[in-house]
Participant: 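I have a structure I would like to understand better, so I am pasting it below and will then ask my questions one at a time.
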Amino acid sequence: MKAELAALISSALEQLVSQGTLADVPEAPPQIDHPKDPAHGDLSCNVAMVMAKRAGLAPRDLAQQVIDALPINALIASADIAGPGFINFFINPERHTEIISRIFSERSTFGQTNIGEGRKVQVEFVSANPTGPLHVGHGRGAAIGDCLGRLLDATGWAVQREFYYNDAGQQIQNLALSVQARAMGKSPDDTDWPEDGYQGSYIQDVANAFMAAETVQAADREITASGDVNDLDAIRDFAVACLRREQDQDLRAFAVAFDHYFLESSLYDSGAVDETVSTLVRSGHTFEQDNALWLRTSSFGDDKDRVMRKSEGGYTYFVPDVAYHLNKWQRGFERVINEQGADHHSTITRVRAGLQGLDAGIPKGWPEYVLHQMVTVMRDGTEVKLSKRAGSYVTLRDLIDWVGCDATRYFLVARAPSSQLTFDVDLALAKSNENPVYYIQYAHARAASIRRKAQSALGDGAEAAGLEHLDCLCEPEALTLAITLGRFPEVVATAAERLEPHDVANYLRQAASDFHAFYNAHHILDAEPDIQRARLALVAATQQVIANGLNLLGVSAPDTM
RNA sequence: GCGGAAUUAGCUCAGCUGGAUAGAGCGUCGGUCUACGAAACCGAAGGUCGCAGGUUCGACUCCUGCAUUCCGCGCCA
């Protein structure tokens, strides 16, 4: 509809050029907006204000000339000039309700577009090291990353979801030592407790399982414990498997699935890390100093150079990161989107610098990053900081246990990633109008309920029959709702383009609100047959759009509550 | 000190990348169920968009400076 109007306006501008009123047509298509105030029409255009200066006309005069030059068409009911020179367009009402027929034919695919044209994109998210349970920050990353995957999928990209984890470094060594210490009956208060050891009570559980020689099955491995407290390698393998399994279970409970798990150790095993280092040395972007090997990251925008190989011989963490991202590039991803906590933002410059240093033709802004800010959890008006299980932080599992998967997902994804998030447990728990999740789900359930009643009273075909009577939908509440439904594909496309899933959450609240308002203003089943069927079609379309939107968030759309 | 993010109603947050009188939910106050789900709806009050400049037809949005908060700043990951 926007595009159609834009074409009409362009044609009017060309007409003015041929009359000599304007010198030339602007290169960009005219900008068209949805006004906030319904009195300002359905769509508005600012072209007269933008062009006024060059045309040597007052904006309002130019606006009038544009309106006069518009071709005859079936789209526009009327056009006004308002404010400093806006042109406000009122669309013929039947154009608003045609969308209902489209929703009927596209069903669960309504809202999808093919902007991505099947090109490959990878979304890497969560990527927690297997040293403890997932915490709320990981939960936010899981919700945002999964939703980004769904959005990119819905806009025609070929999406791979990847989870990267460190299974070989110092943190894993600390984990193994902590489990061993627990297995030997030590506690964090003891003087010989490992330095930087993990203190949560889950370490004791892992130690007990190891000593009992249990077998664990994680997504990508199965390990049976040896029970030998002196075998640190066995303890390490077992502990990693245990915590991987626990993270898998948390993610499954959170309705998040990955296509691929990538192990940091594989980069060492395959020689990719050494190869990356020698490529960087060959490219001339490195130097030796203080018995260490440095990368000149400062020539790629970093504020200082970084050590790649420490004087003791080991690599710093960002070297495998560079090798990892080279691997992603070689796998053919046109785009890679890394979803991470904002506390890791300093790695962005280093990874990109390393990739540039490889001279492999990788674009400067590749990969892309979505960073989320911290999450604090509030309950009973105070901040919750401790989890029994993990010790120092609230876990994702805690949240799911308290408020359920749907509410957890909704709350973690409903705010812009760049905003710090306060998770209000009491609000998420409320089964009332205070809770936006239930508000939206309630709209869906209410629509489903009406359709069940219609089905038993009228049988099949009533909704489809309504498509023949959409001109009966003339009340403001019905038209407002239909217009909102029609915006859905644009909302999905914009959210995917901007990598901001919260747009979808906000849209759903609006759609639910418009539906509730329509419901309260007009009877659906108790109406004249033609009107009844038309309204029923609108209800069915609404249910479909809300279901499609909730699906993008990974939140369920219940028929009854 | 340097870098990143943020600052909008009592609280939690949107604000479509520069548009019209800055919006929503919660909370507060007042109304709506003998009809399809009241987990809903309708209305009211509530603002110096952190501060000060600048850019232009027009700034919450862009630029500069300042203030405050959070996060980073290791030959840790």
Side-chain angles (χ1 to χ4, degrees), chain A residues 31 33-37 39-40 44 46 49-50 52-53 58-59 82-86 88 129 131 166 169-172 174 196 264 289-294 302-304 306-318 320-321 341-349 371-374 376 378 414-424 427 430-436 438-439 441-443 445-454 457 487 490-491 494-495 498 500 502-503 505-506 509-510 512-513 515-527 532 535-536 539 560-561:
Chain A
Q31 185 187 332
D33 290 312
H34 301 280
K36 298 171 210 160
D37 185 343
H40 295 148
S44 73
N46 65 357
M49 289 181 293
V50 176
K53 205 170 208 176
F86 290 100
N88 293 331
N129 285 339
T131 55
N166 173 325
Q170 186 59 39
Q171 305 293 346
I172 299 298
N174 291 342
D196 300 325
E264 185 188 15
Q289 185 184 310
D290 302 332
N291 206 24
L293 180 68
W294 297 66
D302 205 351
D303 48 359
K304 55 183 171 186
R306 305 288 169 176
V307 169
M308 294 172 63
R309 192 174 57 228
K310 299 177 266 184
S311 52
E312 45 87 351
Y315 294 121
T316 55
Y317 75 95
F318 92 92
D321 257 10
D343 52 343
H344 289 96
H345 83 265
S346 61
T347 68
I348 297 175
T349 321
L371 302 180
H372 64 260
Q373 295 288 327
M374 301 290 107
T376 53
M378 300 287 288
R415 304 294 183 218
S418 60
S419 288
Q420 292 177 37
L421 174 66
T422 302
F423 193 111
D424 185 336
L427 179 61
K431 296 201 177 203
S432 72
N433 55 359
E434 300 167 22
N435 189 331
Y438 286 95
Y439 182 83
Q441 289 181 325
Y442 181 67
R446 181 180 246 181
S449 170
I450 293 165
R451 295 178 64 196
R452 279 194 300 274
K453 284 217 159 52
R487 274 177 45 221
E490 188 184 325
V491 168
T494 304
R498 305 199 313 166
E500 295 196 333
H502 69 284
D503 289 349
N506 290 334
R509 173 178 267 290
Q510 184 64 55
S513 171
F515 176 65
H516 288 313
F518 166 69
Y519 171 89
N520 277 282
H522 306 288
H523 299 298
I524 294 153
L525 298 177
D526 183 19
Q532 174 199 57
R535 288 178 180 168
L536 208 45
V539 171
T560 59
M561 292 174 70

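Lettering follows sequence order; numbering is per chain, from 1.
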Participant: Any side-chain N or O of A/Tyr442 below 4.0 angstrom from OP1/OP2 of B/C41?
Facilitator: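 Answer no for this pair, as no side-chain N or O of A/Tyr442 is under 4.0 Å from OP1 or OP2.
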Participant: Rounding to an integer number of angstrom, what distance separates B/G27 and B/G65 when you compare their C1' atoms?
Facilitator: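 Here B/G27 and B/G65 have their C1' atoms 38 Å from each other.
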Participant: Determine the contact category for A/Ser449: base if any of its heavy atoms lies under 4.0 Å from a base atom, sugar-phosphate if only primed atoms, P, OP1 or OP2 are that close, otherwise nothing.
Facilitator: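 A/Ser449: base contact, heavy atoms under 4.0 Å.
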Participant: Give a yes or no on whether a donor-acceptor pair under 3.5 Å exists between the nucleobase atoms of B/C75, that is its base, and the side chain of A/Ser311.
Facilitator: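 Flag set: donor-acceptor pair detected.
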Participant: Do any side-chain nitrogens or oxygens of A/Lys310 fall under 4.0 Å of OP1 or OP2 in B/A77?
Facilitator: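 Yes, such a contact exists.
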Participant: With sugar-phosphate meaning primed atoms plus P, OP1 and OP2, does A/Ala416 contact a base, only sugar-phosphate, or nothing at under 4.0 Å between heavy atoms?
Facilitator: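 Sugar-phosphate contact only - A/Ala416 comes under 4.0 Å of backbone atoms but never of a base.
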Participant: At less than 3.5 Å, do the side-chain atoms of A/Ser44 and the base atoms of B/A20 form a donor-acceptor pair?
Facilitator: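 Donor-acceptor pair under 3.5 Å: yes.
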Participant: Just compare B/C70, B/C36, B/C71 and give me whichever is closest to any side-chain atom of A/His345.
Facilitator: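 So the nucleotide nearest the side chain must be B/C71.
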Participant: Within the pair A/Arg446 and B/A38, is there a side-chain N or O less than 4.0 Å away from OP1 or OP2?
Facilitator: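 It does, given that an N or O in the side chain of A/Arg446 lies less than 4.0 Å from OP1 or OP2 of B/A38.
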Participant: Does OP1 or OP2 of B/A39 have a side-chain N or O of A/His516 closer than 4.0 Å?
Facilitator: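 For B/A39, OP1/OP2 do not have a side-chain N/O of A/His516 under 4.0 Å.
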Participant: Between B/A59 and B/A20, how far is it from one P atom to the other, in whole Å?
Facilitator: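 One P to the other, the span is 10 Å.
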Participant: Under 4.0 Å, counting only non-hydrogen atoms across every strand here, what does A/Asp526 touch: a base, just sugar-phosphate, or nothing?
Facilitator: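 It contacts base atoms.
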Participant: Determine whether any donor atom in the side chain of A/Asp303 lies under 3.5 Å from an acceptor atom in the base of B/G3, or the reverse, and answer yes or no.
Facilitator: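 No pair found.
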Participant: Rounding to the closest angstrom, what is the interatomic distance between B/A44 and B/A22 at atom P?
Facilitator: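 Going atom to atom, P in each nucleotide, I get 16 Å.
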Participant: Quiz question: going by heavy-atom distance under 3.5 Å, is there a donor-acceptor pair between the base of B/A24 and the side chain of A/Asn506?
Facilitator: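 Between B/A24 and A/Asn506, which were checked side chain against base, a qualifying N/O pair under 3.5 Å is absent.
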Participant: Under 4.0 Å between a side-chain N or O of A/Arg498 and OP1 or OP2 of B/G15?
Facilitator: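 The answer is yes; a side-chain N or O of A/Arg498 sits under 4.0 Å from OP1 or OP2.
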Participant: Taking any heavy-atom pair under 4.0 Å as a contact, classify A/Ala517: base, sugar-phosphate, or nothing.
Facilitator: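 Touches sugar-phosphate only.
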Participant: Could you tell me whether the phosphate oxygens of B/G3, OP1 or OP2, come under 4.0 Å of any side-chain nitrogen or oxygen in A/Thr349?
Facilitator: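 False: A/Thr349 side-chain N/O out of range (4.0 Å or more) of B/G3 OP1/OP2.
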